[in-house]
Structures are given as C-alpha cells and as structure tokens.
Number of protein chains: 2
Amino acid sequence: MELRTLRYFVAVADELHFGRAAARLHMSQPPLSRAIKQLENEVGAALFDRSPSGVSLTPVGAVLLDEARTLLDQADRLRIRVAAAAGTAAITVGFLGDSADPGAARLADAYRRRHPQVEVRIRETDLTDPTCGLHAGLVDVALTRGPFDETGLTVRELRADPVGALVRADDPLAGRDSVKLADLADRRWFLFPEGTDPVWQSYWNGGAPREGPVVRAVQECRQAVLWNGTIGMTLLNHQQAAGLAVVPLIDMPPSRVVVAWNEGDTNPLVRSFVGIAIAAYRDGRTH
Amino acid sequence: MELRTLRYFVAVADELHFGRAAARLHMSQPPLSRAIKQLENEVGAALFDRSPSGVSLTPVGAVLLDEARTLLDQADRLRIRVAAAAGTAAITVGFLGDSADPGAARLADAYRRRHPQVEVRIRETDLTDPTCGLHAGLVDVALTRGPFDETGLTVRELRADPVGALVRADDPLAGRDSVKLADLADRRWFLFPEGTDPVWQSYWNGGAPREGPVVRAVQECRQAVLWNGTIGMTLLNHQQAAGLAVVPLIDMPPSRVVVAWNEGDTNPLVRSFVGIAIAAYRDGRTH
DNA sequence: TGCCGCCGATACCGTACGGGTATCGTCGCA
DNA sequence: TGCGACGATACCCGTACGGTATCGGCGGCA
C-alpha cells in the first residue's frame, strides 16, 4: 500500500470510470486495473463494484477513499513542510491578465493563508499567452482560461463562461438579444500577435481567419473596438466600459476557466494550489 | 516519496547507522544508502551529516523525521480502519505464561483501547515455547522473554531482567548474597521437555547439560525445587512462594523481555502493537 | 436478432528500478 | 603504518510496473 497506489485508487473513485481515471493519471487503463486489483487483494476486500451499468464504490471502498484522501493530503503537507525547512518552498502562479476573474487574487491570498511558509510568486500575463508561461516553464501553475494548446499540460475546468460579441454601443447589432457568427462574418476582428497560441487565437476569432488590428491586452481590445470599428469576442460576465456593448453569441462554446500545470509535475505545492482552486470554485466563493 | 522510502529514512534516523538500519530493514546497506540519497535529491537538501565520527540528522532531516513518523503512523491507522471495515481486523497476541510480567494483560487492554474495532485474541503459552507459537504461525506477535532461536523472527528488546538461582529456603546457598554457576554444577536442574527451543533450554540450564525432572510451567518449576531437591534459574524480580529463595547469579546474562514477530510481516496491527509495547516499557508503566 | 461500440479484464512484452554482492575510499585508532 | 569500521560506488539481476494488443460481456439500435 504505497502512496502511488492510493492516488490511483482515489482517481478511480473520483471518476468511477477506469478509462477516464487512467487518462487523468497519464497512464493506460490495463495497468490501472491491475493496480486496483492488487490493492483489493492487499486490503482483502473488493473496493469497487464493476457492474455493466458502471463502476461504484463498495462500503469498504468508501472507507478507504475517505482515509486515503486525508493521508494523501497529509503526505503533501509533509513535503511542503520539509521544503519549507529546506528553504525551497516556492511556487510561481500565473494569472491571465484579462480581469476576468476577481477571484484570482483572492485565491492567491487563500493559498498564502494555508501555507504561510511558502513563498508565492505571481506572474500576470497579457492575452497573448493563455498558458501564462507554463509551456516556457516560467510558472508552476496557471489560473487561466481556455481553449489553448494543452499538449504537455494537465488541465482542470473550474467554470464555463459564455461569450458574446463585443461591439460599439452604437453598432446596429448592439440592441440584439443574440447574434450568430454568421452575423459577424464581414467585420474586422482584433487579432493577437504572430506566435500566439493558435487554438486560443482561433477561438477568439470565431474559428475563422480574420483581418484587423493586433492587440495584446483587454484594454487594447476595447480600444480597438471603440476606435477602429472592429469587433471582438469577450465574456458575457465582463463589466464593459461605456460606449461598448456585448451581445450573446449563441453558436460559440463557452470559454472555460481552468487551472493548469505541467503534466507529470508532482510538486505538492501545485497539487495543493489546484485543490484550493477547485474547492473555491465549487463553493462558488469566486463568482 | 513513497511510504517505503520514508520507512527507510526513519530506520536510519533511529539507528543513526546505515548498517544497523539496513539490518533492521532486512536488506543490505548499499541499496539503503542509495535510497536515502535519492530521497535527499527529491527533498533538495541533505538529511544526514555523514561525518567520520558518525551519522547525525540535519535540521531538515529532523523536520522530515517528525513528519514521517506521524505520516507512517497515520498510514498504519488507515490500514487498520480499512481492515476493520472489511471485517478482517484481528490480531493474535502471544504471552509467555511465566507470570513474569504483570504488564502483559495491561498491554492488551491498552491496545484494545487504542483500536476498539480490532479483535484481539490472546494465546498464553507455557515455558516450553518461548516464541508463543510465532514459529508455528499461531500468533501474530509475542510478548515474551529471551533468549530463543530468532531465525525468521524480528525481536525488539523491552527490558533486561537479572536472574538468580531458585533454591529451597533451607538450602545452604539460600543465605548467600550471590552465587556462580560453578556453585551449582553438581545439582539436579529441572529440564524442559524434548523439542523445547534449544537456545532457551540451554539458557535456563546455565549453559550446561543437566539431569533432573521435566517441567513445563512456572508452578511445576517451583514444585520441582520444593519436592525433588533440584534447583533452577528464575527471575530476581519474581515473587517467590514460601519455602523458596532466589540468590543472584552473577555470571549469567540477564533474560531479556522482548516483543517479537515474524520477519517481513507488514501487518500494521503488529506494528502498532510493537509501538505500544515499546512506548509502555520506555515509560516504565509496566514495571 | 444481429451488429457495433463501450469498457473492464486478460495476455504478453520491454524496460527501469529496487534488490543483491563485491569492492573502494576514508578516517580513527592501536 | 597497518587494520578495522563504515558509508559510497560499481555492477549484476530479477521483478514489477509501465506499455500495446486483444478478449469478453453487455447494452443500444436498426
């Protein structure tokens, strides 16, 4: 009964699906099945009911899940305390500077409160890097927004924000209840610079190549719309400056608020941050 | 940072000696050194100072030791709770029926108090089996007395009891302050039956082959001495019946009170019992 | 009813890591 | 200065943990 095995078990218990749990663990399904079977042998009781209709926890499995969660949590705290004693307890958190999430700063504070000995460094990026420097190794974990190229990263969704078209308040579309992408086909859209994540770029351009001014930050987007007669996409729940309007776009998938980190990073500080973030969003404290 | 590695670390930190720690872990020294080095790499700091004068903990190592002890303890409690949920939490404890240790029953009670869900079975043996059935697999752990054949067992010493010659109160030796084995060379000694652990048998006969009546239990020993004019060895701290006397034997090593279990048994119930026993004897609550 | 797709289990394989033995380097001590 | 103690290093080997390919059972659907 090693910690790794318990992490496997918790993943399966969370997903109640061997395939998805294996994906979350960045491994294939057969070794996971085998590991769980070995754990069941060691415990001497079945932990899951594998019925055709799905996987469910047995009573013994429920007990183990509770215990395993606390043990894994304590194991992470052990690593954090030791790192603090060694003077190496530091984490760099990236935030996307879209002002989309007033909870970001609050999240950093919550983290500092939970781990006072840890040095928390903040790195805020503009809209040209949705990974906030994750790919470049500049940050350990990012609280940001999708979609972007996720290769080499692990991503957890926290919330989904519907998006709308950002237009001038005097635009003909400004009064509409909703618009479709087709309504915006002939407009100029703001663009992100060359080299910006292609998935991200494509999303905010509604999936089509566009013409328009190059911008890097939220303020620039607004200015582009106000001054150049271009349009763009933004979040419905954004507060907009005077002179601008947002019309719901009904044929665009929402933009997901996510927490992301480099795949295979076992840094407990990162795990702890992810846990705090998920809990905070689940409890709705950042809405 | 798996639990196994932390157990290695705790062993080295306990012994402050790689060789002895390896012996306690039933492994050789090189892999242990390597594992500790890997752990140090993972932590990012040295855990031990290897100076020629010996091994000592670094400050970071001291923090890890404290944290690791509690984590390992919680891991054991996890296994116990899960076993209790699975209905398989049971331990059989062997006691040597020499009445030598009034703390034995108290120890079992302390254990039941600590783990109420665990079924604790007691097996008390006579003097013909100092392992209380460990070798035969009849018990999981034994609170007993040395020396005996320790092959296949792990033994921890709890206390050392000096021994003396058990004689009739009217024996010429009864008044002496102390005796030597040579003083007893021509006496009849009580014997344990054929098949009794040879190390044990030899010890209680002062290391020499003897002639005399065969006995199995403490009462029989006393009766043999009282009725047949034989002698024997016993513990100095025993209360003796009227008509008997005990004279300190100055050239016999003391008999060690030990807790023993089968080598390689990772049953957390056993580990927990051992921990409770060691703590109880260290605190002197059973003297 | 027969086909397909989903999903966990099984079979089998390669590699990496954790165990072993042999030996070295260094320091204290007689 | 030689020897013993002890941790580190070098090297070897088996196992166990990862992978891919495939099976078996069940449910949905035409």
Side-chain angles (χ1 to χ4, degrees), chain A residues 1-43 45-58 60-61 64-65 68 72 151-152 154 263-266, chain B residues 1-43 45-58 60-61 64-65 68 72 151-152 154 263-266:
Chain A
M1 173 153 338
E2 291 300 308
L3 294 176
R4 179 175 47 84
T5 316
L6 292 179
R7 290 192 211 284
Y8 290 0
F9 168 74
V10 170
V12 177
D14 278 346
E15 301 286 343
L16 291 178
H17 187 290
F18 280 71
R20 279 196 300 275
R24 174 197 282 211
L25 294 166
H26 306 301
M27 65 190 292
S28 60
Q29 168 259 322
L32 179 59
S33 285
R34 194 176 52 194
I36 298 296
K37 173 170 285 189
Q38 284 170 353
L39 183 60
E40 287 176 319
N41 277 340
E42 198 176 341
V43 166
L47 299 171
F48 295 104
D49 282 326
R50 285 88 153 171
S51 78
S53 57
V55 174
S56 61
L57 273 174
T58 64
V60 176
L64 179 59
L65 178 60
L72 292 174
T151 54
T154 306
E263 196 173 298
D265 189 346
T266 61
Chain B
M1 176 156 331
E2 291 300 308
L3 294 176
R4 180 174 45 85
T5 316
L6 292 179
R7 289 191 211 286
Y8 289 0
F9 167 74
V10 170
V12 177
D14 278 346
E15 300 287 342
L16 290 178
H17 187 291
F18 280 73
R20 279 197 299 276
R24 174 196 282 209
L25 294 165
H26 306 300
M27 66 190 291
S28 60
Q29 169 258 321
L32 179 58
S33 284
R34 195 177 51 194
I36 298 296
K37 173 171 285 188
Q38 284 170 353
L39 183 61
E40 288 177 319
N41 277 340
E42 198 175 342
V43 167
L47 299 170
F48 294 104
D49 281 326
R50 285 88 152 170
S51 78
S53 56
V55 175
S56 62
L57 273 174
T58 64
V60 177
L64 179 59
L65 178 60
L72 291 173
T151 54
T154 306
E263 196 174 298
D265 189 348
T266 62

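Chain letters run A, B, ... following the sequence lines, proteins first, then strands; residues in each count from 1. Nothing here was measured: the structure is a model prediction, and the numbers come from that model. Because only heavy atoms are used, hydrogens play no part in the values below, and waters and symmetry mates are left out as well, while side chains stay in.
Non-hydrogen atoms lying under 4.0 Å from DNA chain C are contributed by nothing in residues 10-20 of chain B. For the segment residues 26-38 of chain A, residues with any heavy atom less than 4.0 angstrom from an atom of DNA chain D are, sorted by number, A/His26, A/Met27, A/Ser28, A/Pro30, A/Pro31, A/Arg34, A/Gln38.
In this structure, the separation between CG on A/Leu47 and CD on A/Glu42 is 10.5 Å, given to the nearest 0.5 Å. The CZ atom of A/Arg4 sits 10.0 Å away from the CG atom of A/Leu6 when rounded to the nearest 0.5 Å. Rounding to the nearest 0.5 Å places CG of A/Asn41 at 11.5 Å from CD1 of A/Ile36. Rounding to the nearest 0.5 Å gives a distance of 10.0 Å between CG of B/Leu25 and CZ of B/Arg7.
Per the geometry, CG belonging to B/Leu47 stands 15 Å off P belonging to D/dG7, to the nearest Å. In this structure, B/Glu2 places its CD atom 11 Å from P of D/dC17, rounding to the nearest Å. Regarding B/Asp49, its CG atom lies at a distance of 13 Å from the P atom of D/dG7, rounded to whole Å. Atom-to-atom, CZ of B/Arg4 to P of D/dA16 comes out at 12 Å; the value is rounded to the nearest Å. The distance between atom CE of A/Met1 and atom C1' of D/dC17, rounded to the nearest whole Å, is 18 Å. The interatomic distance linking A/Leu25 (CG) with D/dC17 (C1') rounds to 14 Å, in whole Å. With rounding to whole Å, B/Glu40 atom CD is found 12 Å from D/dG7 atom C1'. The separation between A/Glu42 atom CD and D/dC17 atom C1' is 15 Å, rounded to whole Å.
Side-chain contact check for B/Val55 versus B/Glu15: every heavy-atom pair is 4.5 Å or farther apart. Two residues are said to be in side-chain contact when any heavy atoms from C-beta on lie closer than 4.5 Å; A/Leu39 and A/Tyr8 fail this criterion. Here the side chains of A/Arg24 and A/Asp14 are in contact, with some heavy-atom distance below 4.5 Å. Proximity of A/Thr58 to A/Glu40: side-chain heavy atoms (C-beta onward) are nowhere separated by under 4.5 Å. Under the 4.5 Å side-chain criterion, counting only non-hydrogen atoms from C-beta, A/Val60 is not in contact with A/Leu64.
Aromatic ring orientation, A/Phe48 versus A/Phe9: tilted (interplanar angle from 30° to 60°).
Nucleic acid contact class of B/Tyr8 (heavy atoms, under 4.0 Å, all strands): sugar-phosphate only.
For the residue pair B/Leu65 and B/Leu57, the shortest heavy atom distance occurs at CD2-CD1, 3.7 Å.
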Dot-bracket encoding of pairs in DNA chain D, which uses [ ] for pseudoknotted crossings and | for another strand, Watson-Crick or G-U under 3.5 angstrom: ||||||||||||||||||||||||||||||
